[in-house]
Amino acid sequence: MPLWQIDIHPAPQQLDRMGLHTADEIYQLGLGSDLTVAAARGFLVEGEISEQQARSIAATLLADTVTERIVVGQISENEPGDSDLLSEPPESMMENLAERGVEDQPHLVHVMSKPGVMDPVAASTQNALADSGLDAEAVKTFRKYWISGVDQSGLDAICRRALSNDSIETFVVGPLRMNELGVGSQGQFELVRVPIRSLDDAGLEKLSKEGQLYLTLVEMQTIRDHFASLDRDPTDIELETIAQTWSEHCSHKTLAGRIHYRGPATDGTADGDERQYDNMLKETIFAATQSIRRTLGDDDWCVSVFKDNAGIVTFDEDDHVCFKVETHNHPSALEPYGGANTGIGGVIRDPMGTGMGAKPICNTDVFCFAPPDVTPDELPPGVLHPRRVIQGVVSGVRDYGNRMGIPTVNGAVYFDRRYLGNPLVYCGNVGIIPVGMEDKEVKPNDLIVAVGGRTGRDGIHGATFSSAELTSESETLSGGAVQIGNAITEKMVLDVLLQARDRGLYNAVTDCGAGGFSSAVGEMGEELGAEVWLEKAPLKYDGLTYTEIWISEAQERMVFAVPESKWDELRELCESEGVEAAAIGRFVPTGRLQLTYQGEMVGDVAMEFLHDGRPPVIRDAVYHPPQVTPLGIESRDAATNTQTLLSILGSYNVASKHWVIRQYDHEVQAGSVVKPLVGPQCDGPGDAAVVRPKLNSQRGLVISCGMNPHYGDFDTYHMATSAIDEAMRNAVAVGADPAKIAILDNFCWGYTDRAETLGSLVRSAIACQDMAVVLQTPFVSGKDSLNNEFSYFGDDGQKQTIAIPPSLLISAMGQIADVSKAITMDLKETGNVLMLVGRTRRELGGSHFGLVENVSGGDVPRVDAVYAKEVFATVHAAIMNSEIRSCHDLSEGGLAVAAVEMSLAGGLGLELSLADVSRTDGEGDPLTSSEILFSESNTRFLIEVAPDQVAAVSERMSGAGVPLTRLGEVTSGTTVQIEDGDDVVLDVEIAAAKSAWQAPLDWH
Amino acid sequence: MSAPRVLVLRAPGTNCDVETAHAFEVAGATAERIHVGRLMENPTLHKRYQILCIPGGFSYGDDIAAGRILATRMHHHLDDMIHHFVDSGDNLVLGICNGMQVLMRLGVLTAGVETPQVASATVGGDAVLSGQSDADGPGHDVPPATLTWNNHGRFEARWVHLSVDETPCVFLKGIEQMYLPMAHAEGKFVARDADALEQLRSAGRLPLRYCDGSGEIQSETLQFPCNPNGGDANVAGVCDGSGRVFGLMPHPERHIDATQHPFWTRRKTQPAEGDGLAMFRNAVEWFA
């Protein structure tokens, strides 16, 4: 059967964008400068297709004949075929090289996905060919490059590190020589039993590791003893099922486990705070929510919290809203594009699988990376360069969110070298669900129906792998855990889901995430029991074993519990939308999980053992905050302060994220009210997003976040309260009602088997509990990702480990009754008054002043929660009464950065004075002007007030006991000037500030 | 007058259908979202409608190229429907973003521009190369124009100023300027050659252009970000010779309400509606 290769080049007069981009990437990664690269994309089409047909396909379907040039040839393994023709570099490249006197023939490299990796374009092409009446046996896509200016050894590094990713792709130097594209072949069924009963402790540990089960010895012993009591050995699928269910990812066994904690008392006494938890999460974060709900009584607005895939709260009479944030860290470290792609794809399925199914309305994304200016020789083995990680992660989220038609409205990016081996990728999704659809219940004899993508060999062991520490070997060991998503399949599933929900075609739904069918069916059938017919699952290709079918984490699948009487209607609905659905089993009241393959029982586990048989994890946790060394700033002159300000604006954390934001569609669904970038030039850093989820209603949602890993180096308690304060500030600043803000916790931490590491986490959970209760701000959902450490062997042969800093993300979902009351942070009008809300202390610990000036120490910012609640309520009341024109929270970089951001966003100047700012900080020396400018004290806002509203605002604030200081006026000038008495202490051109802020991440 | 009926076409990956139908409803039309599969099953279904709207999204994932697969499907299976809306003279067609990409691939926006028959030996302006002689290969038309990747090579979301040139375009009647969001990766308008560009321009078929804040139409390609994709003659929309069939890359359905404007919070009073609504109202009024 002929195999056609169709190469598609830019037409001669067109820019070779991919070639230029690739040359730039190679340069940025330090793999070669002054290279010439030409690039093309291509298709391999196998089938009974004539040359004329191949050329017709190329010209009418695959290429754009205005802007592209086509080369068609036939290839085979043993014959040269048309390989000379297909290998010929583009003329423009050869002319370019000839002009520069380069005579060496460029190297040719082809890059394509490994067998079994999702190739959505190939699948679509095959369907489109069928539409045109052509029967292609198989289609595969590839990229090809001609590279000049590098020797053989340099070429290999370029192929591995710039052109391809070994986790999912393979490269071929020279022409493609093959006969067929086939993947997968019929396997022989063979039941595998694992002789666990005979294993000693060493054997159990070996099995856990080599089988990628990642269970502890105690857990392995429990499994051995269980099967010993049954007088048989487990099958491989039984062992895998238990490992999935007991994995950290699925059971959160550490944080929901028994923990004995010792930490500092409120007065600082070491080990003065001792607590014993049976279930730490339940007794801190969840307990806070329960307490708030009790206090709210009849006004309780929580609907379903900590029990479903996302937390649900009330919205209006007809609808509730839900929110979930997940992480996808380990996959993103290995394959940033695929990891982030399936990360956002996975979290979108959470609201879809909440209650009877919610409609996703917006996404959030927060990333933690190592700085992109890390030099290549600083990289430990097995680590991708941060630049590649950033590019891959951003495009992964982009391609999934945009294709799903869900706006990405809020996010943040943090940089720290400790994220080098373990980047963090937090993805969130908000959904809307009709009142009455928040609960679900599987009924006996419901069919287990898998809907959506087919099952393949992708994503094997993702759930258990996420419990493992990453090492330089992870790439080779766990490449199978990495997947590529296909957003359109998920969009089609969503189209079906909403119709099926409204027609009442099922009793329950959940998403198929980590652990695949094993987790989804195991969870849904926990109360009843289930039998699963594994051979009924639609497969991408032949050759999967029954175990692979069961634990595959292939994307875009949902599992429904469908009454027999509704199955025909659901199947027809799916067919009408082109979505595949298959009944793969039945929920039966046996209390057992029974798995069959072609009629033979391959697994039979009691649900009780599966869900309650895991021995509790018992951990010690201790916390000793580091000794605080005082840090203050002497009064400095304007030039020095201005230089510091520009350095902070240009630091990666603070710098403009427009390069990321503009790649995301933040307005699809037409609900965007306050966008991520605000002001007349649409380039100011908005505090939070406002979204109007219903086209006929003015009621809005406010989405924001708070995080500051640098504070965690000082005290994770104050890091946590600061993160909550920041998320609240951001939401309140645009108009959210602080009395109805739901928050989410996402803990990403290092190796929590270490008591000190776990202690730092428990301390932050206690902080979350304390703060939430006082603010009456309930946590409604959360997730943790532990063991984020990267190990490798250094040049000296010593094992080295990089642990991430404690990274607690707080995501907030607030509400605003009428979106037309929302405000933004850009300065609005000359002559308006700028005022500071809140009090400033000497709090420079973990500050950006410390970061850019390279000084350590200082007191980390704290939160007075009782006072904060009053500040939030008062600012909100003023915004609702239209007394405030613009409002911005003070965070990284403090007052100076916030004022300049308002100015550069609004294109207006400021003339301010610090004369009236309170200087007292407890017993210490009065604050200097530089300290007022750069301290990062919490619970502060800058507000812009029209002159005729100043009296009203002042009266409101003083009535509530909220400190308010008049700083100065908005001007039509081009500078921000700040005085302190007779001295100018800061003087910066807005244009200079803007360019310092925009430059660092203004990538192309 | 009875409200015109709008067929908002839905395909796998379409994702602006709900808000587009809403915009038509606000303008006074009756809009229904119909899956492409229903139209293929029922060959007369489309006859109920007077306006065909292909909304934004990523139909079939934009696999291969934006809009390509949906256009191929429509070409193979929905020829009658295309004829009904495009050629009968009584109906309107609007393609927004991905919808414009589909209409461009179908060729209905650039129909009537004189197209030289090109032998495959010069496809793409260079020799097409094949293992065997290609003298006997079939010729393939090079269309008068296409939409290709933005100059910077990636997806971009931002608001753009637009000006309307003199045109028969029904949807743009009475509109001089609009401020709308664009959100695309493959929206750069490229004409086959200067002649094709001039044929379209002089017939008023390049009616919507990216411009700077001044609102003046420039023939020189404006710099990014005024022209967000680098397209020839700053073209943001193309219509057929009659003005009844129109495609544009920016999203008028995302500027119906005043609070959708990117800096509405700077205004002390809000207009009753966003700039995009006039286009939908024009469509409804054409049937009055």
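The chains referred to below are lettered A, B, ... by the order of the sequence lines, with proteins before strands, and numbering in each begins at 1.
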Quick check on [X] against chain B: is it the side chain, the backbone, both or neither that has a heavy atom closer than 4.5 Å?
{"X": "A:S395", "result": "neither"}
{"X": "A:D826", "result": "both"}
{"X": "A:I823", "result": "backbone"}
{"X": "A:A822", "result": "both"}
{"X": "A:N402", "result": "both"}
{"X": "A:L61", "result": "both"}
{"X": "A:L129", "result": "neither"}
{"X": "A:S576", "result": "both"}
{"X": "A:E577", "result": "both"}
{"X": "A:M404", "result": "backbone"}

Inset, instruction - May I ask you to check whether B:W149 and A:Q14 show a side-chain donor-acceptor distance below 3.5 Å? - result: no
Inset, instruction - Find out whether B:H251 and A:V668 are in side-chain contact, i.e. whether some heavy atom of one side chain is under 4.5 Å from a heavy atom of the other. - result: no
Legend entry - pair B:R154-A:R662: side-chain heavy atoms closer than 4.5 Å: no
Answer with side chain, backbone, both or neither: which region of [X] has an atom nearer than 4.5 Å to a non-hydrogen atom of chain A?
{"X": "B:H77", "answer": "side chain"}
{"X": "B:I64", "answer": "both"}
{"X": "B:H152", "answer": "backbone"}
{"X": "B:A258", "answer": "neither"}

[X] side chain to [Y] backbone, donor-acceptor under 3.5 Å:
{"X": "B:D257", "Y": "A:G671", "result": "no"}
{"X": "A:R403", "Y": "B:G13", "result": "no"}
{"X": "A:K828", "Y": "B:R267", "result": "no"}

Heavy-atom pair of closest approach, residues [X] and [Y]:
{"X": "A:T60", "Y": "B:R68", "result": "O-NH1, 3.7 Å"}
{"X": "A:K675", "Y": "B:Q260", "result": "NZ-O, 2.9 Å"}
{"X": "B:I69", "Y": "A:S124", "result": "CD1-CB, 3.4 Å"}

Legend entry - Lys/Arg N to Asp/Glu carboxylate O, A:D495 vs B:R33, below 4.0 Å: no
Legend entry - Residue among A:M492, A:H21, A:Q669 with most heavy-atom pairs under 4.5 Å to chain B: A:Q669
